[in-house]
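Report on one structure; see the data block that follows.
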Amino acid sequence: MRTVRTLATAALAGAALLGLVAPAALADSPSASADPNDDTASTAGPTEAGTTFRTAARFLPGQQATAQAATGDYLYWVFPADTGQRPTVNATVTLPDAALRHGSATWRIDVYDGLRRRQPCMYGTQSRAAAKETATVQLTCVLRPVRASADGWSNDPLPGSYYVRLTAGALPDEDLGQPFTARLGVSTVDKGGAYATDGSLAAPLVPGATTADQAEADEEAGRPSAVEAAAPEDGWSSGWWSDRWLWTAAGGILAALAGIGGYKLTRGAGRPSRVPPAA
């Protein structure tokens with residue numbers, strides 16, 4: 001009976017421990033949301049866009065960036081993405097009046113990391129053809145979760161700056177130069193230890209990031225480094241912590257409890273009292 005109580009206690013302790021750990025590891029909790037169609041869920045972002053990588057307008061996940069430009073222009077924005085996050089880029093393009101247009105056009109968003117490598121979308125409509133009568137175009141790109149580190153030959157997304165480029169193509173020449181309005185937002189989902197790695201970068205991939213000596217010089221001069229200036233609202237994570245540590249600790253405790261329970265079941269009751277000591 002005592003053995004049954006011991007095993008029951010061990011099982012309850014293990015279940016309680018997993019109950020504390022599981023929500024952190026399994027839940028895809030959104031850390032910031034910015035649906036371009038929901039004006040109440042977003043805060044104000046930049047009202048202009050850059051025309052090159054170097055002049056990209058910076059905004060944070062949860063903000064809404066807007067811009068007015070001419071059809072045919074390349075528009076650029078940049079936002080930070082940290083380890084364990086899965087960014088989703090949403091764009092809404094408001095087109096000129098249909099009476100002013102001469103045919104259909106194809107609108108597209110592309111996302112590049114801090115090394116200017118184009119990042120593929122897991123899913124979403126990153127390119128859409130707009131008929132002459134279409135008033136607005138919705139574009140979406142769900143990126144892969146950001147990893148703390150990766151092999152040099154891989155194209156895995158890494159923490160740092162991410163550039164979004166919006167442009168139109170396959171349109172009549174007569175429609176070039178017509179005004180349009182763009183709204184852009186980014187939401188992130190924390191994926192946790194499921195995509196964690198054992199290593200981490202020396203510094204996030206952001207434009208202007210240089211050597212440790214330059215970062216020290218910036219600190220001594222009282223000015224923020226390029227890495228600090230491009231950081232998310234709550235700063236960059238260290239990259240070494242993930243909820244895999246919780247699962248590892250929980251697994252170790254459950255293994256110890258299982259070992260104790262197995263010993264209790266197999267050790268027996270010892271020497272029977274009726275057997276003489278010298279036997």
Side-chain angles (χ1 to χ4, degrees), residues 32-39 41-81 86-98 100-144 157 160-188 206-207 230:
S33 61
D35 185 348
N37 299 316
D38 186 359
D39 294 333
S42 303
T43 57
T47 56
E48 295 182 351
T51 55
T52 65
F53 283 103
R54 295 178 61 86
T55 61
R58 182 178 181 271
F59 71 102
L60 297 174
Q63 292 183 332
Q64 179 177 278
T66 59
Q68 294 182 344
T71 304
D73 289 345
Y74 285 81
L75 302 185
Y76 289 82
W77 295 268
V78 60
F79 67 92
R86 188 186 67 189
T88 299
V89 180
N90 298 292
T92 300
V93 181
T94 303
L95 304 177
D97 189 86
L100 303 177
R101 307 206 305 268
H102 299 81
S104 62
T106 300
W107 291 84
R108 180 182 180 89
I109 55 173
D110 292 289
V111 183
Y112 301 83
D113 66 8
L115 297 178
R116 300 188 186 179
R117 303 176 302 179
R118 183 179 174 276
Q119 291 294 320
C121 302
M122 290 179 61
Y123 44 85
T125 306
Q126 69 176 121
S127 178
R128 189 186 296 273
K132 183 176 180 294
E133 299 78 15
T134 303
T136 59
V137 176
Q138 304 285 340
L139 302 170
T140 303
C141 177
V142 181
L143 298 173
R144 296 173 295 169
S161 298
Y162 282 78
Y163 298 88
V164 183
R165 183 178 71 184
L166 170 67
T167 187
L171 74 163
D173 292 340
E174 295 84 356
D175 290 344
L176 290 173
Q178 292 193 8
F180 71 93
T181 302
R183 291 189 296 165
L184 191 80
V186 172
S187 62
T188 58
V206 302

Those residues that, when tested against Arg58, pass side chain to side chain donor-acceptor pair (under 3.5 Å) (two or more places apart): none
Heavy-atom donor-acceptor pair, Gln119 side chain to Leu143 backbone, under 3.5 Å: no
Set of residues satisfying salt bridge (charged side-chain N to carboxylate O under 4.0 Å, His left out) with respect to Arg108, sequence neighbours excluded: Asp110
Check: Gln63 side chain, Leu60 main-chain N or O, donor-acceptor pair, under 3.5 Å: yes
Close side-chain approach of Pro80 to Pro61, heavy-atom, < 4.5 Å: yes
Side chain to side chain donor-acceptor pair (under 3.5 Å) partners for Thr55, two or more places apart: Thr52
Main-chain N/O of Ile109 paired to Gln126 side chain as donor or acceptor, under 3.5 Å: yes
Set of side chain to side chain donor-acceptor pair (under 3.5 Å) partners for Thr140, sequence neighbours left out: Asn90
Contact check, side chains of Pro157 and Asp113, non-hydrogen atoms, under 4.5 Å: no
Residues in side chain to side chain donor-acceptor pair (under 3.5 Å) contact with Tyr163, at least two apart in sequence or another chain: none
side-chain hydrogen bond (donor to acceptor under 3.5 Å, both in side chains) pairs, two or more places apart, involving residues 67-77: none
4.5 Å side-chain heavy-atom contact, Val89 and Tyr162: no
Expected output: side-chain Arg101 to main-chain Thr134 donor-acceptor under 3.5 Å: yes
Pairwise salt bridge (charged side-chain N to carboxylate O under 4.0 Å, His left out) hits with a residue in residues 120-144, at least two apart: Arg144-Asp156
Beyond-backbone contact of Pro87 with Phe79, side-chain heavy atoms, under 4.5 angstrom: yes
Which pairs of donor and acceptor atoms, one on a side chain in residues 164-173, lie under 3.5 Å apart (sequence neighbours left out)?
| unit_1 | atom_1 | unit_2 | atom_2 | d |
| --- | --- | --- | --- | --- |
| Arg165 | NH2 | Tyr112 | OH | 3.0 |

Side chain proximity check, Val137 to Phe180, heavy atoms < 4.5 angstrom: no
